[in-house]
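Taking it in order: structure first as structure tokens, then the write-up.
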Number of protein chains: 2
Amino acid sequence: MSSEQQTLAEKAFESIYAMIMSGALPLGGIVNEVALSHTLEIGRGPVREAVQRLQGLRLVTREPYMRARVVSLSVRDMVEIFQLREAAEGMAARLAATHMSDAEIAALIERFERRRAGLPGPDGETPDVFDVHVRIAEGSGNSRIRHLLCEELYHLLRLYRRRSGALPGRRGEALDEHWQILRALQIRDPALAESLMRSHISRATELLLATLPDQAPRRADNTAA
Amino acid sequence: MSSEQQTLAEKAFESIYAMIMSGALPLGGIVNEVALSHTLEIGRGPVREAVQRLQGLRLVTREPYMRARVVSLSVRDMVEIFQLREAAEGMAARLAATHMSDAEIAALIERFERRRAGLPGPDGETPDVFDVHVRIAEGSGNSRIRHLLCEELYHLLRLYRRRSGALPGRRGEALDEHWQILRALQIRDPALAESLMRSHISRATELLLATLPDQAPRRADNTAA
DNA sequence: GATGGCAAAAGTGTTGACAGTTTAAGGCGC
DNA sequence: GCGCCTTAAACTGTCAACACTTTTGCCATC
């Protein structure tokens, strides 16, 4: 964790990512390469590379000569993400049920129990809300699914949670559902694990859909008649 | 289709992508930025941007000061891609069953019938093997799933098909299975469409798994005792 | 007062040169 | 002859300047 990163582009990426998360760069706002290069006191090349990586993560949109903008994150976007999560995380749970070792599952369950009881973890970790989901994605043994979930989707979920409507609460039910999923892993039932995970995410998706301002009009045309 | 593209980086991206597909850049081979910039007769900046985009698509691997390499595409990688496809395309089929219009489904079925009979399409199109899959991904109405399948995974499938083992044949069965999926769309049965799509891809995954050189050892530990 | 074109300003795309790191070659000792 | 260290070559990372495009503000015109 030294202040001396490996490459300036990496440092720029993390800085800009943090700016988006903190709101220093507002949600629909413009991402100015030269302004950022002055702020970060580096050349425009690394900034440009970082913005391109952010575009790869779909955190900013960018077209040839137009200015780059931070993503807007409409409810519609969130619904799409949740639908993809339902599919990918369901498969991750299915794979994890046969791929994770007994020790890994036991450790995950113990960790979960501690968190549930409000205790700090055995190693003073950061108790992320997505903890169970991350562990299962990693435990799937499928690096592409893990990358999709952990590197591409969870960033957007965190952003939405922090800077928009805080993603329907559901604390209690979610814990119960997590527990059932972990049990399915423990008894090595892939179909059950997938089914439970899909139901878990599907319920959240339904809540999101209920938040939709009715049916999104295809185009918002504000030109006065 | 003019030779004058919008931006040089875009041109570089397409050129390098074609080089990988044609084998001009071999599968595990090194991607040299200055050599490419000389070959394409452009500066190193656009080449660099293109390589980064290729890295985003996971077609090349790249670490800070190391040379970039074209991906290797092991059977293991293909199995991971197929597992993700099973999940994502299954969801795409489920969504398409409620989202596609009657006209879209009818057009897709007619197109499929023509191809099946060996006729050229009504508009002289390119009869891609992934045609049905692409149309369903687009018909899902979920831009993120469409992007994942059409922009990130199908490239790798085409590459593997052309430059490695030609992905288990199964021409006849695949056509039948496609037909059943289209029928499920037509009768508006989301669960059936998803189930059929998953079975369709799962069968191909099984064939791939059978190709695996037995079972991949978890770690290759060559330290002598 | 509103609308259209025109010009300056701001911003992105591209280039060539320089700095830092890795890789490869060469020489030295064993 | 083989292995290790030194050194040069090759390559990637970074920067500052230039070219092209878009945007913005202004002015004339309707």
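What's counted below: heavy atoms across the whole structure, side chains too, no hydrogens, waters or symmetry copies. Residue numbers start from 1 in every chain, and the chains themselves are labelled A, B, ... in the order their sequence lines are given, proteins ahead of strands. Computed from a predicted structure; not experimentally measured.
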Q | Worked verdict on A:Val51 versus A:Val60 for side chain to side chain contact (heavy atoms under 4.5 Å, CB included) | A | CA-CA 7 Å; A:Val51 173; A:Val60 311; 4.1 Å; yes
Q | Of all pairs that satisfy salt bridge (Lys or Arg N to Asp or Glu O under 4.0 Å), the ones with a partner from residues 87-106 of chain B, not counting sequence neighbours | A | B:Arg85-B:Glu89, B:Arg94-B:Glu194, B:Asp102-B:Arg188
Q.
By the salt bridge (Lys or Arg N to Asp or Glu O under 4.0 Å) test, which pairs, at least two apart or in different chains, include something from residues 143-155 of chain B?
A. none
Q: Please name all residues satisfying side-chain hydrogen bond (donor to acceptor under 3.5 Å, both in side chains) with B:Glu80, sequence neighbours left out, ordered by chain then number.
A: A:Ser143
Q.
One character per nucleotide, please: for nucleotides 18-23 of chain D, 5' to 3', B when the base has a protein heavy atom closer than 4.0 Å, S when only the sugar-phosphate does, - otherwise.
A. ---SSS
Q.
Whether A:Glu110 and A:Arg114 form a salt bridge (side-chain N of Lys/Arg under 4.0 Å from carboxylate O of Asp/Glu) is what I want to check.
A. yes
**Q.** D:dC11 OP1/OP2 closer than 4.0 Å to side-chain N/O of B:Arg69
**A.** no
Q. Would one find a side-chain N or O of A:Thr7 under 4.0 angstrom from OP1 or OP2 of D:dT12?
A. no
Check residues 36-43 of chain A and write down every donor-acceptor pair under 3.5 Å in which the side-chain atom is one partner and the other belongs to a residue at least two apart or another chain.
residue: A:Ser37; atom: OG; partner: A:Val34; partner atom: O; Å: 2.7
residue: A:Thr39; atom: OG1; partner: A:Ala35; partner atom: O; Å: 3.0

Could you tell me which residues satisfy ring pair (Phe, Tyr, Trp, His ring centres under 6.0 Å) with [X], sequence neighbours excluded, listed by chain and number?
{"X": "A:Tyr160", "answer": "none"}
{"X": "B:Phe82", "answer": "none"}
{"X": "A:Phe13", "answer": "none"}

Q.
Determine whether a donor-acceptor pair (N or O, by modelled atom type, separation under 3.5 Å) exists between the side chain of A:Arg69 and the backbone of A:Gly28.
A. yes
Q) Counting distance only, does the side-chain N/O of B:Ser140 pair as donor-acceptor with the main-chain N or O of B:Asn142 below 3.5 Å? A) yes
(Q) Do A:Leu208 and A:Val75 have side chains that approach each other closer than 4.5 Å (heavy atoms only, starting at C-beta)? (A) yes
Q.
Apply side chain to side chain contact (heavy atoms under 4.5 Å, CB included) to residues B:Thr7 and B:Glu10 and explain how you reach the verdict.
A. CA-CA 5 Å; B:Thr7 174; B:Glu10 185 73 15; 3.3 Å; yes
Q: Anything under 4.0 Å to a heavy atom of chain A counts; send over the first and last such nucleotide of DNA chain C, read 5' to 3'.
A: C:dG11 to C:dT14
**Q.** Length of the CD-C1' vector between B:Glu63 and D:dC11, whole Å
**A.** 15 Å
Q) Near DNA chain D, which residues from residues 45-59 of chain B have a heavy atom under 4.0 Å away? A) B:Arg48
Q. Does any residue of residues 23-43 of chain A have a heavy atom under 4.0 Å from DNA chain D, and if so, which ones, in number order?
A. A:Ile42, A:Gly43
Q) Could you walk me through whether A:Arg115 and A:Asp131 pass the salt bridge (Lys or Arg N to Asp or Glu O under 4.0 Å) check? A) CA-CA 10 Å; A:Arg115 242 187 63 84; A:Asp131 200 40; 5.4 Å; no
Q.
Students often mix this up, so state it plainly: with edges at 30° and 60°, are the rings of A:His200 and A:His133 parallel, tilted or perpendicular?
A. parallel
Any N/O pairs under 3.5 Å between the protein and nucleotides 6-8 of chain D? List them or say none.
none

